[in-house]
Every structure is written in C-alpha cells, then in structure tokens.
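Everything below concerns the one structure shown next.
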Amino acid sequence: QLGLGESLAQQLETHGAACQLLNSPDDLPDPGQDAVCPTDVVYLDAIDPAGRDQTPAELANHFNESLLHTVQKVAALRAHAASSNSGTSDTLRFWIVTRGAQGTSNGDEQHVAQASLWGFGRTLALEHLDWACHLVDLDPESDLTSIAAALIDEVTYPQTDESEVVFRAGSRLVRRLRRGIGLEDLQRATREIRLEVGERGTLDGLQWAANARRTPAAHEIEVAIHASGLNFRDVLNALGQYPGEPPLGAECSGIVTSVG
C-alpha cells in the first residue's frame, strides 16, 4: 500500500537486478523445470498494517503465516534447484522488513503485530544456516522517500555484516551488549557489590549497591562469587510476585572463603 515494493524494485533494476514483485506467497512458482530460484527475497507484507480490519493478534497471525508460507515456498524452490543441478550455490539473502516493531528508547510505541516477526527471523537464521537472514525495522515517523532510501541502501550496499538493523530519525542503529552504566565506577569504589530490588513491581527497579562485608555467623559461610545466575524466581521477586524478599542470584558458583 505504501508503494515501497515498487520503489525498491525500480532501484534494484537500475543496478542490474532482475526483480519480481509479488502480492502473496501464492504468487511464487511451484518447483519445476521453468521455475526461477531466487537469490534475494525481501518480505514487506508487515510494514503497513494501517487500514486492515484486524486485531493486533489477528494481524500477528496473518504476518507469521504469510512469512512461513513464503519461507516454505522459497525453500522448496532452492531444494528442487539443488537436486536438479540447475540451482545456484549462492547464499540466499532473506530480508524481513518491519516498521516500528522495535523499541530503541523508553516510551517508544511499538507495533506489536509486527514484533513477532523478529523472533521468526532469528529462528529462521538458526534453522537455515545457508541463508543470510536480515531483520530491518524502518522508522514509523519517516515518510516514504526516507524509508525507501534507507531500505534501498541496506539491501543494495550492505554496510556491515549486521543481521539486525533499526532506522530511527536518520540514524542506523544496531544491537550491542555492554556493561550496565555505573557498574565500573562502583567496582572501583568497592569490591563488594550486590544487585538489589530498589522498587518492586518493575524490572527497571533493579540497581547496583555497595554491600558491607561482615563476618559469617554460626552455620553461615562466606563465598567469593565467580558467577551468578538469575532465574524466573528472581524475575517474580523483582516484580513483587514472590513471597518474602529472597536475595537475587542465589544460584552461584565460587570459592568458600570463611565459615562461621
């Protein structure tokens, strides 16, 4: 409905690509002698949910069923091509495109009907190691010209090997895992720290705090913790849905340094 597919196809054709714009997975050919095996697939069905007379749950089911059907048809085409020695050994690039499905800051409004496609895409990447699966979330606040330019650049000129990319306000964002802010400063100030529930009812209430060391009492031990795990009990505890106030990360491994 946005015309993004037409714009993308036109731009790709100017770079020498042969494009076919399909309205449904049913438009993909069945495996056969004349069927063309695709080397790139861009899935755009989910980017414009506005105007569809369906609930978010119904839309999510529709998007996932449509994507599943697309994946199955493409996989059948490539399997047939490989068995008949008429296929390509090139890695298939499969792009799943959403718009506003991911949050990049607190308070972001997310289109939940599209969000499950990212879980689908991550599973697809694990199950089809011979496919290069890419997840791209376009800016819901940008106009068609801007989001088309961002998608065309991403598909035509891959800047990195990033498999998950989000565009917001003209910026290209990727995932990175880093230490919590303030943890290193706290470790420099004291070696004994603990994770506490500052305010129960939300995971945002978790905070690092200095922990005063004391001598173990009778029937207690002191453990120098090397690794600690958080499980579902800790989640319930932080959300205020677990009886009592047990410490977080009770499952741990380390060295006993003192016995009471």
(message) Working note: Gln72 + Val74, criterion side-chain contact (heavy atoms from CB on, under 4.5 Å); need CA distance, chi angles, decisive distance, verdict.
(response) CA-CA 6 Å; Gln72 291 172 334; Val74 171; over 6 Å; no

(request) With the side chain counted from C-beta on, respond yes when Leu22 and Leu28 share a heavy-atom pair under 4.5 Å apart, and no when they do not. (result) yes

(request) With sequence neighbours excluded, tell me which residues meet salt bridge (Lys or Arg N to Asp or Glu O under 4.0 Å) with Glu222. (result) Arg213

(request) State yes or no: do Leu124 and Leu68 share one hydrophobic cluster built from I, L, V, M, F, W and Y residues joined by side-chain heavy-atom distances below 4.5 Å, directly or via other members? (result) yes

(request) Would you confirm whether Glu58, through its side chain, and Thr55, through its main-chain N or O, come within 3.5 Å as a donor-acceptor pair? (result) yes

(message) Please say yes or no: joined through hydrophobic side-chain contacts below 4.5 Å, possibly via intermediate residues, are Val97 and Leu12 part of one cluster?
(response) yes

(message) Between Arg233 and Glu251 (salt bridge meaning N to carboxylate O under 4.0 Å), is one present in this structure?
(response) no

(message) For the CD atom of Glu199 and the CG atom of Asp204, what is their distance to the nearest 0.5 Å?
(response) 9.5 Å

(request) For Ser66 and Pro25, work out which heavy atoms get closest and say how close. (result) O-CG, 3.4 Å

(message) Is it true that Ser116 and Asn64 share a donor-acceptor pair across their side chains at a distance under 3.5 Å?
(response) yes

(message) What's the separation between atom OG in Ser163 and atom CH2 in Trp95, rounded to the nearest 0.5 Å?
(response) 10.0 Å

(message) Pairing donors with acceptors under 3.5 angstrom, does anything connect the side chains of Thr91 and Trp131?
(response) no

(request) Check the pair Arg78 / His128 against side-chain contact (heavy atoms from CB on, under 4.5 Å), numbers first and verdict last. (result) CA-CA 12 Å; Arg78 290 180 65 83; His128 282 274; over 6 Å; no

(request) Specify the closest pair of heavy atoms between Asn237 and Pro246, including all atoms of both residues, with the distance to one decimal. (result) ND2-O, 2.8 Å

(request) With the side chain counted from C-beta on, respond yes when Thr14 and Gln10 share a heavy-atom pair under 4.5 Å apart, and no when they do not. (result) no

(request) Identify the two heavy atoms, one from Asp234 and one from Leu248, that lie closest to each other, and give their separation to 0.1 Å. (result) OD1-CA, 3.4 Å

(request) With side-chain contact (heavy atoms from CB on, under 4.5 Å) as the test, would you mind laying out the steps for Glu164 and Val174 before giving the verdict? (result) CA-CA 6 Å; Glu164 300 182 11; Val174 297; over 6 Å; no

(request) Write down the atom of Ala113, the atom of Leu59, and the distance for their closest heavy-atom approach. (result) CB-CB, 3.7 Å

(message) Could you report the tightest heavy-atom contact between Ala148 and Ser7, atom names first, then the distance?
(response) CB-OG, 3.9 Å

(message) To the closest 0.5 Å, what do you measure between OG (Ser146) and CZ (Phe167)?
(response) 11.5 Å

(request) Would you mind listing every salt bridge (charged side-chain N to carboxylate O under 4.0 Å, His left out) that reaches into residues 134-150, with sequence neighbours excluded? (result) Asp137-Arg168

(message) Between Glu162 and Arg176, does any side-chain N to carboxylate O distance fall below 4.0 Å?
(response) yes

(message) Could you see if Val256 belongs to whatever hydrophobic cluster contains Ile225? Use Ile, Leu, Val, Met, Phe, Trp, Tyr and a side-chain cutoff under 4.5 Å.
(response) yes

(request) Would you mind telling me which of Thr39, Val42, Asp40, Val41 makes a side-chain contact (heavy atoms from CB on, under 4.5 Å) with Arg93? (result) Asp40

(message) Enumerate the salt bridge (charged side-chain N to carboxylate O under 4.0 Å, His left out) contacts for residues 61-75, please, sequence neighbours excluded, ordered by first and then second residue.
(response) Asp30-Lys73

(request) Determine whether Val235 and Leu230 fall in the same hydrophobic cluster, where Ile, Leu, Val, Met, Phe, Trp and Tyr are linked whenever their side-chain heavy atoms lie under 4.5 Å apart. (result) no

(request) To the nearest 0.5 Å, tell me how far Arg200 CZ sits from Leu236 CG. (result) 11.5 Å

(request) Would you name the heavy atoms of Ala101 and Gln114 that are closest together and state the gap between them? (result) CB-CB, 3.8 Å

(message) Quick check against the 3.5 Å criterion: does Ser171 have a side-chain atom that pairs as donor or acceptor with the backbone of Leu173?
(response) no

(message) Using side-chain heavy atoms (C-beta onward) and a distance below 4.5 Å, is Asp130 in contact with Leu92?
(response) no

(message) What I'd like to find out is whether the side chain of Leu77 reaches to under 4.5 Å of the side chain of Pro38, using heavy atoms alone.
(response) yes

(request) Find out whether His69 and Leu67 are in side-chain contact, i.e. whether some heavy atom of one side chain is under 4.5 Å from a heavy atom of the other. (result) no

(request) Nearest 0.5 Å please: distance from the OH atom of Tyr43 over to the OG1 atom of Thr70. (result) 6.0 Å

(request) For Thr156 and Asp153, indicate whether the former's side chain and the latter's backbone hold a donor-acceptor pair under 3.5 Å. (result) no

(message) Does Arg122 form a side-chain contact (heavy atoms from CB on, under 4.5 Å) with Leu135? I'd like the steps, not just the answer.
(response) CA-CA 8 Å; Arg122 290 167 181 160; Leu135 299 169; 4.1 Å; yes

(message) Between Ile255 and His226, is there a side-chain heavy-atom distance shorter than 4.5 Å?
(response) yes

(message) Would a single hydrophobic cluster contain both Leu144 and Leu21, if residues Ile, Leu, Val, Met, Phe, Trp and Tyr are joined by side-chain heavy-atom contacts under 4.5 Å?
(response) no

(request) Answer yes or no: is there a side-chain heavy-atom contact under 4.5 Å between Ile96 and His134? (result) no

(request) May I ask you to decide if Leu151's main-chain N or O and Glu154's side chain share a donor-acceptor pair within less than 3.5 Å? (result) no

(message) What I'd like to find out is whether the side chain of His111 reaches to under 4.5 Å of the side chain of Gln102, using heavy atoms alone.
(response) no

(request) Nearest 0.5 Å please: distance from the CH2 atom of Trp118 over to the OG1 atom of Thr123. (result) 13.5 Å

